[in-house]
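Read the structure below first, then the notes.
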Amino acid sequence: MKHLLKLQDLTTEEITDILNLADQLKYEQKHGIPHNHLKGKTLGMIFEKASTRTRVSFETGMYQLGGCALFLSSSELQIGRGEPVEDTARVLSRYIDGIMIRTFAQEEVEKLAEYGTIPIINGLTDYCHPCQVLADLMTVREYKNKLDGLKMCYIGDGNNMANSLIVGGLKVGMDVTVACPEGYYPDNTVLDFTKSYPNFKLVNDPKTAAADADVLFTDVWASMGQEGEAEKRKIAFKGYQINDEVMAVAKPDAMVMHCLPAHREEEITAKVFEEHAAEIFDEAENRLHAQKAVMVKLMA
Ligand code: CP
Ligand code: NVA
């Protein structure tokens, strides 16, 4: 594994290795056991979109690993003035040891990896959010002690989160059912990927997807960059919500997960959100541990 660009690139074994290392690093951090695997190393973090969790967890994680992180807002880099990503990749490769990038086009991340000579980590694109889903799988495994054979349900937009959850869930042996309204389905490349998995279903009805689920996921109806479509999307996604009715058909001990930020009373009711706040904020915490594992795998 040279980069983390999208989960399709990882084998099941590589995902499991990351989750195991993440558990170990979490234990070490909680018990004050030093784990300076990246002493003297620098991570550059390029952000073309807003972030709370990704920024703070990568920056803190790098510090805990003995290295340091540079916050590079694209609006302050020459990239924001049109310097090609191909050149940025070659320049940054001369200074630093890895790049985490959050941007719009997946191609930009792939190009950084093609032209740079250092590991590239995808911190969210319009296409996928692999770091989030590694933390999500880590969290589900903590609560359920396994992943294989669990039933995952995703309700909402076929966006970056849906794309990564489908690929990650199927790779670790989960049954994955996704409920999206017509016109908002996951990416075609992801739907192609699912063709070899009979344990994948795409449906339109949220309750059909939630039936007997062990873990339910949702995400915002309008992602970053889609603010202008927010009103239109509120109509398209009406009913694509995790609420009491949906929870009633899931397993009684079903988990609810949300990558955050959450829009209460849109994709999830405030009531269900608060009833499942423990796992949702464990999920947010696990971004730190899962990403530390990714950085150690790629940069140590
Ligand atoms: N879930 C997530 O990626 O959060 P941020 O946008 O705050 O980084
Ligand atoms: N789908 C959301 C995820 C935010 C972490 C977005 O792209 O804005």
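- The salt bridge (Lys or Arg N to Asp or Glu O under 4.0 Å) check on Asp282 picks up nothing, with sequence neighbours excluded.
- There is no side-chain donor-acceptor pair under 3.5 Å between Gln106 and Lys6.
- Smallest separation of non-hydrogen atoms from Ala89 and Gly116: CB-N, 3.6 Å.
- Using a 30° and 60° split on the angle between ring planes, Phe281 and Phe273 fall in the perpendicular class, above 60°.
- Of the N and O atoms on the side chains of Asn286 and Lys26, at least one donor lies less than 3.5 Å from an acceptor on the other residue.
- The number of heavy-atom neighbours closer than 6.0 Å to OH of Tyr27, taken from other residues, nucleotides and ligands shown, is 12 or below.
- With no hydrogens or angles considered, a side-chain donor-acceptor pair links Arg287 and Thr54 at under 3.5 Å.
- Contact detail for Lys49 and Thr103: the closest heavy-atom pair is NZ-O, 3.3 Å.
- More than 12 heavy atoms of other shown residues, nucleotides or ligands fall within 6.0 angstrom of atom NZ in Lys251.
- The salt bridge (Lys or Arg N to Asp or Glu O under 4.0 Å) check on Glu231 picks up Lys234, with sequence neighbours excluded.
- The heavy-atom pair separating Gly169 from Met152 by the smallest distance is CA-CE, 3.9 Å.
- Gly168 and Leu7 make their closest contact through CA-CD1, 3.8 Å (heavy atoms, listed as atom of the first residue, atom of the second, distance).
- How far CG of Leu19 is from CD of Glu142: 10.0 Å, rounded to the nearest 0.5 Å.
- Residues Pro206 and Val246 come closest through the heavy atom pair CB-CG2, 4.4 Å.
- Counted by atom type alone, Lys292 and His37 present zero donor-acceptor pairs between their side chains at under 3.5 Å.
- The nearest pair of heavy atoms linking Cys259 to Gln132 is CB-CD, 3.3 Å.
- When only modelled atom types and interatomic distance are considered, Asn243 and Gln241 share a side-chain donor-acceptor pair under 3.5 Å.
- A donor-acceptor contact closer than 3.5 angstrom is absent between the side chains of Glu267 and His263.
- Enclosure of atom OH in Tyr185 by more than 12 non-hydrogen atoms of other residues, nucleotides or ligands within 6.0 angstrom is indicated.
- Between Asp126 and Asn160, every side-chain heavy-atom pair lies at or beyond the 4.5 Å cut-off.
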How far apart are the C-alpha atoms of Tyr127 and Asn159, what are their side-chain angles, what is the distance that settles it, and do they pass the side chain to side chain donor-acceptor pair (under 3.5 Å) test? CA-CA 7 Å; Tyr127 178 65; Asn159 60 12; over 6 Å; no
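- For His3 and Glu110, the side-chain atoms include no donor-acceptor pair closer than 3.5 Å.
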Cut-off 3.5 Å, no hydrogens considered: what does the side-chain donor-acceptor table look like for residues 171-183, sequence neighbours left out?
residue	atom	partner	partner atom	Å
Lys171	NZ	Gln8	O	3.2
Lys171	NZ	Leu10	O	2.6

Could you walk me through whether Glu59 and Arg55 pass the salt bridge (charged side-chain N to carboxylate O under 4.0 Å, His left out) check? CA-CA 6 Å; Glu59 193 161 338; Arg55 177 180 176 180; 3.4 Å; yes
